[in-house]
2 protein chains.
Amino acid sequence: MKLYDSTLAPNPRRTRIFLAEKGVEYEKVEFNIPKGDNLDPDFLKISPRGLLPTLVLDDGTVLDESVAICRYFEETVPEPNLMGTDARSKALIEARQRHMEFDGLQGAADAFRNSYPGFARRGLGGSVGEVPAIPELADRGKASVARFFARLDEYLADHAYCAGDTFSIADITAFCAVDFATTAARIPFPEDKPNLKRWYDEVSARPSSSA
Amino acid sequence: MKLYDSTLAPNPRRTRIFLAEKGVEYEKVEFNIPKGDNLDPDFLKISPRGLLPTLVLDDGTVLDESVAICRYFEETVPEPNLMGTDARSKALIEARQRHMEFDGLQGAADAFRNSYPGFARRGLGGSVGEVPAIPELADRGKASVARFFARLDEYLADHAYCAGDTFSIADITAFCAVDFATTAARIPFPEDKPNLKRWYDEVSARPSSSA
């Protein structure tokens, strides 16, 4: 199977880390998003929305959403479990994964995409045509990231991981959100948040973090 | 169990329709979001993000995300199946559900929340403090909804439903997105999209649509 990938983008990275945790091997095709590789007509025939990651399974099935790719491998390669073991834990992890995505990753993405000069006419990702960046949305995204850092630090005072006491997909999303916020979106890591720092260092030490 | 609900908001409605399809009964607590019921300190003790829907199970478990609530009931009340039956169909339905959410519902929500006068200082939902509305984001949301209508119409030329040939959670999200866009966000229903119209009429005729 083949993963259409982009090393620096946060959504492909979520998938790469998930697959590394599961020990799944695959072929990678590296795309440069600022150069517009993801908008190439040949790729749009495979993945019409023009977003990464896109995974093509050996049977030709196209999965074009990070969490949907993770779901496929959670079902086919159950260990280590990353999305819950029963109805309650599956629901709680899904809720927390979505908190990390909407509160953290979305804010970081808004902050970056609406301030990076190369995306001045690409305010939304993928094959949506010209969408002007909105500078106020970059500011809103930065404020969202600050709240995300504060809330996650508070949560991690009482929990080992982002969705309770086991490492899960919620940690992968949060980790990619923190890294994207502090690199691409240039928001300083909040050194005054000890629980966030403890968790971040721990997740950084996992071999999957370099995937 | 108790559902903290708001009749006119699209995310609680997704959950209500899903539960109606499953035949699950529950107690409802109706909140008025423009009046700020969801920001009441007593509710924030239950659901700190201040977002609806929030479901409290009989054992006290709090589920505060629409799709996570759906996941819980997909696991505990498997029929009718709404989220896939094997790894491939689960992944494909999850991908399509997310398309409907990010391409459709998010656009409609941006269009409404950044133009409705009552939310001029509440540009993001929930307990995030003052967030100014961004008029340009309302325009971006309207353009996203127009693309969503066009793409969904094209997809529905070849498929009975929003994620293939069976009714699923993707249809519920899309249906709530269309209704929210055409009522709250005041974007006209695209009468020139015959496939979208055929599907919309069919989903509207299901008893769950009035949940």
Side-chain angles (χ1 to χ4, degrees), chain A residues 48-49 51 54-55 57 59 61-77 83-84 86-99 101-103 106-107 110 114 123-137 139-140 143-144 147 151 154-155, chain B residues 48-49 51 54-55 57 59 61-77 83-84 86-99 101-103 106-107 110 114 123-137 139-140 143-144 147 151 154-155:
Chain A
R49 293 163 79 241
L51 293 172
T54 289
L55 184 83
L57 299 177
D59 71 359
T61 300
V62 176
L63 297 174
D64 67 354
E65 276 283 346
S66 57
V67 176
I69 296 171
C70 295
R71 179 79 52 195
Y72 180 83
F73 289 100
E74 183 74 359
E75 295 283 327
T76 53
V77 185
M83 297 175 87
D86 57 14
R88 186 174 177 276
S89 65
K90 285 180 186 182
L92 286 170
I93 289 171
E94 183 143 0
R96 289 295 294 166
Q97 195 292 118
R98 289 168 65 87
H99 297 181
E101 187 164 53
F102 298 144
D103 299 352
Q106 183 63 52
D110 283 345
N114 292 281
L124 285 174
S127 56
V128 294
E130 275 213 354
V131 175
I134 301 174
E136 296 92 322
L137 189 54
D139 295 338
R140 184 193 276 188
S144 291
R147 279 191 301 272
R151 285 188 173 182
E154 199 177 333
Y155 182 90
Chain B
R49 292 164 81 241
L51 293 172
T54 290
L55 184 83
L57 299 177
D59 71 358
T61 300
V62 175
L63 297 174
D64 67 354
E65 275 283 346
S66 57
V67 176
I69 296 171
C70 296
R71 179 80 52 194
Y72 180 83
F73 288 100
E74 183 74 357
E75 294 284 327
T76 53
V77 184
M83 298 175 86
D86 58 12
R88 186 174 176 277
S89 65
K90 285 180 187 181
L92 287 169
I93 289 172
E94 183 142 1
R96 290 295 294 165
Q97 196 293 119
R98 289 168 65 89
H99 297 182
E101 188 164 50
F102 298 144
D103 299 351
Q106 184 64 52
D110 283 345
N114 293 281
L124 285 173
S127 56
V128 293
E130 275 214 354
V131 175
I134 301 173
E136 295 92 323
L137 189 53
D139 296 338
R140 184 193 276 187
S144 291
R147 279 191 301 272
R151 286 189 174 181
E154 199 176 333
Y155 182 89

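We name chains A, B, ... by the order of the sequence lines, and we start the count at 1 in each one.
Contact annotation: the side chain of B:Met83 never approaches that of A:Arg71 to less than 4.5 Å [non-hydrogen atoms, C-beta and beyond].
A:Ser127 and B:Arg151 are linked by a side-chain donor-acceptor pair at a separation below 3.5 angstrom, with hydrogens and angles left out of the test.
Interface summary for chain A: among B:Asp86, B:Leu124, B:Thr76, the most heavy-atom pairs under 4.5 angstrom belong to B:Leu124. Among B:Leu92, B:Asp59, B:Ile93, B:Val62, the residue making the largest number of heavy-atom pairs under 4.5 Å with chain A is B:Leu92. When each of B:Glu74, B:Glu65, B:Glu75, B:Glu136 is scored by its heavy-atom pairs under 4.5 Å with chain A, the top score falls to B:Glu65. Between chain A and the residues B:Ile69, B:Leu63, B:Asp139, B:Thr61, the most heavy-atom pairs under 4.5 angstrom are made by B:Thr61. For the options B:Arg140, B:Arg88, B:Gln97, B:Arg147, heavy-atom pairs under 4.5 Å to chain A are most numerous at B:Arg140. Interface check for chain A: of the options B:Leu57, B:Val128, B:Leu137, B:Val131, the most heavy-atom pairs under 4.5 Å are formed by B:Val128.
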With side-chain contact (heavy atoms from CB on, under 4.5 Å) as the test, would you mind laying out the steps for B:Ile134 and A:Ile134 before giving the verdict? CA-CA 9 Å; B:Ile134 301 173; A:Ile134 301 174; 3.7 Å; yes
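Heavy-atom minimum distance, A:Ser66 versus B:Arg98: OG-NH2, 4.0 Å. Taking each heavy atom of A:Leu51 and A:Gly125 in turn, the nearest pair found is CD2-C, 3.5 Å.
Between A:Arg96 and A:Glu101 there is no salt bridge, since no side-chain N of the basic residue sits under 4.0 Å from a carboxylate O of the acidic one.
Interface remark: A:Ser144 contributes side-chain atoms only to the contact with chain B (heavy atom separation under 4.5 Å). Neither the backbone nor the side chain of B:Ser89 comes within contact range of chain A; no heavy atom of the residue lies under 4.5 Å from a heavy atom of that chain. With a threshold of 4.5 angstrom between heavy atoms, A:Asp110 does not approach chain B through any atom at all.
A cation-pi arrangement is not found for B:Arg49 relative to A:Phe102, the charged atom failing to lie both closer than 6.0 Å to the ring centre and inside a 45° cone about the ring normal.
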